Amino acid sequence: MTAPFEIMVGRIETLALDAIVNAANRQLQPGTGVDGAIRAAAGPALTEHTDNLAELEDGGAVLTPGFKLPAKYIIHTAAPIWSAGDEGAKVAGLARCYMSSIRLAHDHGIASLAFPCLGTGNYGWPRGFACAIAIASCEQALETAKRIQRIVFCCFTEADAQIYRDALT
């Protein structure tokens, strides 16, 4: 396994890291899945805060406080929808999610962060393909983000975690 990567099965909103990454929609409005769980745990102040932020582009990222979460910060990023658009643009957009999140974390002195399996829920990305993009993008971003000491791939299921384990060995 390539350092500083870790794989775990659990709920991302429970992690006590410097930051967790939210699988947000472009409008930064309340959603389901990871976003819904993070918002429920962070409390209503998170939505009040995101209501005042500009819409994200695919692969864009923005930082907010963690509010009631154990994590100090939340990095919100918007993955492209798998079923819509040019495949090359979608792959580049998903890669940007990871790279822009890591760059934002590095710029804010964040040393540890956790990613969910971005795009694999409601947005329909094939899990193995999305995993390969996640790992490659994180490895590339870490070349210039030397402050990052720990990246956790927080998987909701054991089956997803096994995909990451297989990809990293």
Side-chain angles (χ1 to χ4, degrees), residues 2 4-7 12-13 15 17-39 42 46-47 49-64 71 73-108 110 112-145 147-148 150-157 159-161 163-164 166-168:
T2 306
F5 298 147
E6 297 176 33
I7 302 157
I12 198 166
E13 74 274 15
L15 300 182
L17 299 172
D18 294 337
I20 61 171
V21 177
N22 181 19
N25 55 55
R26 293 178 66 183
Q27 297 77 25
L28 295 169
Q29 291 301 302
T32 59
V34 171
D35 183 75
I38 288 173
R39 286 177 187 275
L46 174 57
T47 298
H49 189 85
T50 59
D51 282 346
N52 298 309
L53 298 177
E55 184 174 302
L56 291 174
E57 294 181 12
D58 283 347
V62 65
L63 185 78
T64 67
Y73 298 106
I74 306 165
I75 297 172
H76 306 265
T77 190
I81 297 171
W82 174 249
S83 63
D86 173 72
E87 186 171 325
K90 292 184 288 193
V91 169
L94 186 59
R96 270 193 312 277
C97 287
Y98 291 94
M99 296 178 77
S100 61
S101 295
I102 289 172
R103 188 169 32 257
L104 190 61
H106 173 79
D107 291 347
H108 286 85
I110 292 168
S112 62
L113 70 156
F115 285 98
C117 300
L118 292 172
T120 62
N122 292 337
Y123 284 15
W125 280 79
R127 294 183 187 297
F129 189 38
C131 171
I133 294 166
I135 292 168
S137 302
C138 287
E139 287 175 336
Q140 183 178 348
L142 286 172
E143 291 175 8
T144 57
R147 292 182 183 153
I148 307 295
R150 181 179 179 203
I151 292 180
V152 176
F153 293 111
C154 184
C155 302
F156 192 64
T157 68
D160 286 340
I163 293 169
Y164 279 84
D166 292 346
L168 286 168

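Here the structure is a predicted model, which is why all the values come from computation and not from measurement. Scope of the values below: all heavy atoms of this structure, side chains included, with no hydrogens, waters or symmetry mates.
- Taken from OH in Tyr123 to CG in Leu94, the straight-line distance is 12.0 Å, to the nearest 0.5 Å.
- In terms of modelled atom types and a separation under 3.5 Å, the side chain of Trp125 and the main chain of Pro80 share a donor-acceptor contact.
- Contact of the Ser101 side chain with the Leu118 side chain is not registered, since no non-hydrogen atoms from C-beta on lie closer than 4.5 Å.
- Residue Leu28 comes nearest to Ala54 through the heavy atom pair CD1-O, 3.5 Å, listed as atom of the first residue, atom of the second, then distance.
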* Asked: How far apart are the C-alpha atoms of Thr77 and Asn22, what are their side-chain angles, what is the distance that settles it, and do they pass the side chain to side chain contact (heavy atoms under 4.5 Å, CB included) test?
  -> CA-CA 6 Å; Thr77 190; Asn22 181 19; over 6 Å; no
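- In this structure, Leu63 and Asp107 have side chains that are not in contact, with every pair of non-hydrogen atoms separated by 4.5 Å or more.
- Considering only residues two or more places apart in sequence or on other chains, Asp160 meets the salt bridge (Lys or Arg N to Asp or Glu O under 4.0 Å) condition with Arg127.
- Looking only at side-chain heavy atoms (C-beta outward), Trp82 and Glu87 come within less than 4.5 Å of each other.
- Side-chain atoms of Asp18 come within 3.5 Å of backbone atoms of Ser112 as a donor-acceptor pair (strictly under, hydrogens ignored).
- For Thr144, the side chain to side chain donor-acceptor pair (under 3.5 Å) criterion is met by no residue, not counting sequence neighbours.
- Closest heavy-atom contact between Ala78 and Cys97: O-SG, 3.4 Å.
- Taking all atoms of both residues into account, the shortest heavy-atom contact from Asp35 to Ala23 is CB-O, 3.7 Å.
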* Show your reasoning for whether side chain to side chain contact (heavy atoms under 4.5 Å, CB included) applies to Leu56 and Gln27. => CA-CA 6 Å; Leu56 291 174; Gln27 297 77 25; over 6 Å; no
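- Residues Phe156 and Cys117 are not in side-chain contact: their nearest non-hydrogen atoms beyond the backbone lie 4.5 Å or more apart.
- Other residues, nucleotides and ligands contribute at most 12 non-hydrogen atoms within 6.0 Å of the CG atom of Asn122.
- Tested against Phe5, the residues Phe153, Phe115, Tyr164 include a single ring-ring contact (aromatic ring centres under 6.0 Å, His included) partner, Phe153.
- Gln140 places none of its side-chain heavy atoms less than 4.5 Å from the side chain of Ser137.
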* Asked: Does the pair Val21 and Ile75 meet the rule for a side chain to side chain contact (heavy atoms under 4.5 Å, CB included), with working shown?
  -> CA-CA 5 Å; Val21 177; Ile75 297 172; 4.2 Å; yes
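- Residues Leu15 and Ile12 form a side-chain contact, since some pair of their non-hydrogen atoms from C-beta on lies under 4.5 Å apart.
- Annotation: side chain to side chain donor-acceptor pair (under 3.5 Å) contacts of Arg147 (sequence neighbours excluded): none.
- Between Ala42 and Ile74, the shortest heavy-atom contact is CB-CD1, 4.5 Å.
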* **side chain to side chain contact (heavy atoms under 4.5 Å, CB included) evaluation trace for Leu53 with His76** => CA-CA 11 Å; Leu53 298 177; His76 306 265; 5.6 Å; no
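- In this structure, CG in Leu46 is found 4.5 Å from CZ in Arg39, a value given to the nearest 0.5 Å.
- By the neighbour-count criterion of 12 heavy atoms within 6.0 Å, atom CD of Glu57 is sparsely surrounded, having that number or fewer from other residues, nucleotides or ligands.
- Atom CD1 of residue Ile135 and atom CG of residue Leu168 lie 3.5 Å apart, to the nearest 0.5 angstrom.
- The aromatic rings of Tyr73 and His108 are tilted relative to each other, their planes meeting at an angle between 30° and 60°.
- Gln29 CD to Thr50 OG1: the interatomic distance, rounded to the nearest 0.5 Å, is 6.0 Å.
- Here CE of Met99 is found 9.5 Å from CG of Leu142. Values are rounded to the nearest 0.5 Å.
- Of all heavy-atom pairs spanning Ala167 and Cys131, the tightest one is CB-SG, 3.9 Å.
- Heavy-atom minimum distance, Ile20 versus Glu13: CD1-CA, 4.1 Å.
- Using a 4.5 Å heavy-atom threshold, the side chains of Leu113 and Arg150 count as separate.
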